[in-house]
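If you're wondering where the values come from, they're calculated on a predicted model, not measured in any experiment. Quick note on labels: first sequence line is chain A, next is B, and so on, each numbered from 1.
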Amino acid sequence: MENQLTKIVQPLLCWYAENARALPWRDDPTPYRVWVSEIMLQQTRVKAVKPYFERFLSELPTISSLADAPEEQLLKLWEGLGYYSRVRNLQKAARVVMKNYGGVLPKKPEELLRLPGIGEYTAGAVASIAYGEPVPAVDGNVLRVIARVTGDRSNISETAVKREFADRLRKIYPKKQAGTFTQSLMELGATVCLPNAEPKCGECPLSSLCTAHSLGAQRELPIKAAKKQRKIEERTVFLLLHEGRAALQKRPGKGLLGGLWEFPNVLGKLSPQEAAEQLKILGVTAEKIVPIPPSKHIFSHIEWHMTNYLVPIALPETQAFVWAGQRELAETYSIPAAFGKCLAYFMRTQ
DNA sequence: AAGGCGGGGGC
DNA sequence: GCCCCAGCCTT
């Protein structure tokens, strides 16, 4: 049987020529810029990435400068963007590119795939967009568009289904405008073939070929696995104050918020009395313990419910912390959004 | 195959 | 609240 997808190529390319958004990484699509943009865009909306992209490129304009950047600069450039292992892997990969590829990002997806932080999607995206290789890049947008166009009710959360979609696309990829085709599929998914809201089938260049549209089944597709529940974690956070500065500690390099800085905190919801005990254990002598408004932060898999205490101290007795003033907090240390309420409280009151 | 890993925007 | 985003890595 003939591939139903053959017919989408020309209409999509044509539509994209008229409707592509102007995006920073599209202006000058060098391999490095495309690469950085694709890493930033993993599970992250275009709107969120925009302010980070140009700043990152302007501070670290080359693969070489990225390879040599200090960790704190990297994390500060990524602060608030989330999934911080992305930027660590980006630098690891930059070092591999410097060492093994003479500073030139490879163009074949099989080689890109070996670099830290580059999976099937990103390998295809960089190869096609930056180098014109006729290989697919299947992200959430593409899965949705293809599932709807072909009326496919497979579970797109399954690896095998993603591979199957990629294989179908591989066969119809245009040799001439591969990068444009990659971007046109994603652009359609992002701006027309919408996930949550009602898709704009009236504006869609594929509506006449779309199985879901002909059945009125747009909202039922794609099919995905149900997501599991978040765990709630109680934490008690100490805003330790000394001479107008706040105590910070560095989180472990791996895992949640790896390598970022945080206000000292412990698991559990502690009363002021329990907090006093805990602070003694941490080697801190509190002058007083003042409750400040509690806060909540939602990660994809955990929910932090935070009990916050303001704790002035006369003398820093432990070396477990660094002491940061407003300026250092703003310019030097990368603080996760989870501590945003505490941070704002400090900035407001000091 | 499943779970860990951020944060925010839109309904 | 809930969804899901130009996903990848480890287990």
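Among the heavy atoms of the strands lying under 4.0 Å from A/Glu120 are primed sugar atoms or P, OP1, OP2 only; no base atom is included. Nucleic acid contact class of A/Leu23 (heavy atoms, under 4.0 Å, all strands): base. Within the nucleic acid shown, A/Thr44 comes within 4.0 Å of at least one base atom, counting heavy atoms only. Looking at heavy-atom distances under 4.0 Å, A/Arg21 makes contact with a base. Using a 4.0 Å heavy-atom cutoff across all strands shown, A/Gly258 reaches no nucleic acid atom at all. Using a 4.0 Å heavy-atom criterion, one finds that A/Tyr121 contacts the bases of the nucleic acid, with or without backbone contacts as well. The residue A/Gly255 sits close only to the backbone: its heavy atoms come under 4.0 Å of sugar-phosphate atoms, none of a base. Within the 4.0 angstrom heavy-atom criterion, no nucleotide atom of any strand lies near A/Trp78. Residue-level contact check: A/Ile39 touches neither bases nor backbone, having no heavy atom under 4.0 Å from any strand. A/Arg26 comes within 4.0 angstrom of a nucleotide base, judged by non-hydrogen atoms across all strands. Counting any heavy atom pair closer than 4.0 Å across all strands shown, A/Ala125 reaches no nucleic acid atom.
No donor-acceptor distance shorter than 3.5 angstrom exists from the side chain of A/His242 to the backbone of A/Pro316, with no hydrogens or angles considered.
Not a single donor-acceptor pair, N or O on each side, falls under 3.5 Å between the base of B/dG4 and the side chain of A/Ser300. A donor N or O paired with an acceptor N or O is found under 3.5 Å between the base of C/dC4 and the side-chain atoms of A/Arg45.
Contact check for A/Lys76 versus A/Glu79: side-chain heavy atoms found under the 4.5 Å cut-off. A/Cys204 places none of its side-chain heavy atoms less than 4.5 Å from the side chain of A/His213. Residues A/Ile39 and A/Tyr83 fail the side-chain proximity criterion, which asks for heavy atoms closer than 4.5 Å.
One P atom belongs to B/dG4, the other to C/dA6, and the distance between them is 24 Å to the nearest Å. Taking atom C1' on both nucleotides, B/dG6 is separated from C/dC3 by 15 Å, rounded to a whole Å.
Between A/Lys224 and A/Glu158, no side-chain nitrogen of the basic residue sits less than 4.0 Å from a carboxylate oxygen of the acidic one, so the salt-bridge criterion is not met. Electrostatic pairing of A/Glu233 and A/Arg235 counts as a salt bridge here, judged by a charged N lying under 4.0 Å from a carboxylate O.
Considering only side-chain atoms of A/Pro195, the nucleotide from B/dG7, C/dC4, B/dC5 that sits closest is C/dC4. Candidate nucleotides C/dC5, B/dG4, B/dG8 were compared by shortest atom distance to the side chain of A/Ala337, and B/dG8 ranks first. Of the candidate nucleotides B/dC5, C/dC5, C/dA6, C/dA6 has the atom nearest to the side chain of A/Trp25. When the nucleotides B/dC5, C/dC4, C/dA6 are ranked by their closest atom to the side chain of A/Asp139, C/dA6 comes out on top. Side-chain proximity of A/Tyr84 to the nucleotides C/dC4, B/dG6, B/dG4 is greatest for B/dG6. The listed nucleotides are B/dG4, C/dA6, C/dC3; the one nearest the side chain of A/Lys227 is C/dC3. The nucleotide whose nearest atom lies closest to any side-chain atom of A/Ala338 is, among C/dG1, C/dA6, B/dG7, B/dG7. Comparing C/dC8, B/dG7, C/dC3 by their nearest atom to the side chain of A/Gln42 picks out C/dC8. For A/Ala190, whose side chain is taken as the heavy atoms from C-beta onward, the closest listed nucleotide among C/dC5, B/dG4, C/dA6 is C/dA6. Taking only side-chain atoms of A/Thr122, from C-beta outward, the nucleotide of C/dC8, B/dG7, C/dC4 with the closest atom is C/dC8.
Here C/dC9 presents its P atom at 14 Å from OH of A/Tyr83, a figure rounded to the nearest Å. Counting to the nearest Å, the P atom of C/dC4 and the CD1 atom of A/Ile298 are 16 Å from each other. Remark: P of B/dC5 and CG of A/Leu260 are 13 Å apart, rounded to the nearest angstrom.
Remark on DNA chain B: of its neighbouring residues A/Lys47 and A/Glu158, the 5'-side contact belongs to A/Glu158, judged by nearest-heavy-atom nucleotide. Position along DNA chain B of the nearest nucleotide to A/Thr159 versus A/Leu257 favours A/Thr159 as the more 5'-ward residue. Residues A/Pro116 and A/Arg230 both approach DNA chain C. Their nearest nucleotides, taken by heavy-atom distance, put A/Arg230 toward the 5′ side.
Between A/Phe263 and A/Phe238, the gap from one ring centroid to the other reaches at least 6.0 Å.
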Pairing string of DNA chain B (Watson-Crick or G-U wobble, both atom distances under 3.5 Å; | = paired to other strand) is |||||.|||||
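With 3.5 Å as the limit, one finds a donor-acceptor pair spanning the side chains of A/Tyr121 and A/Glu38.
Below 30°, between 30° and 60°, or above 60°: for A/Trp304 and A/Phe299 the angle between ring planes is above 60°, a perpendicular geometry.
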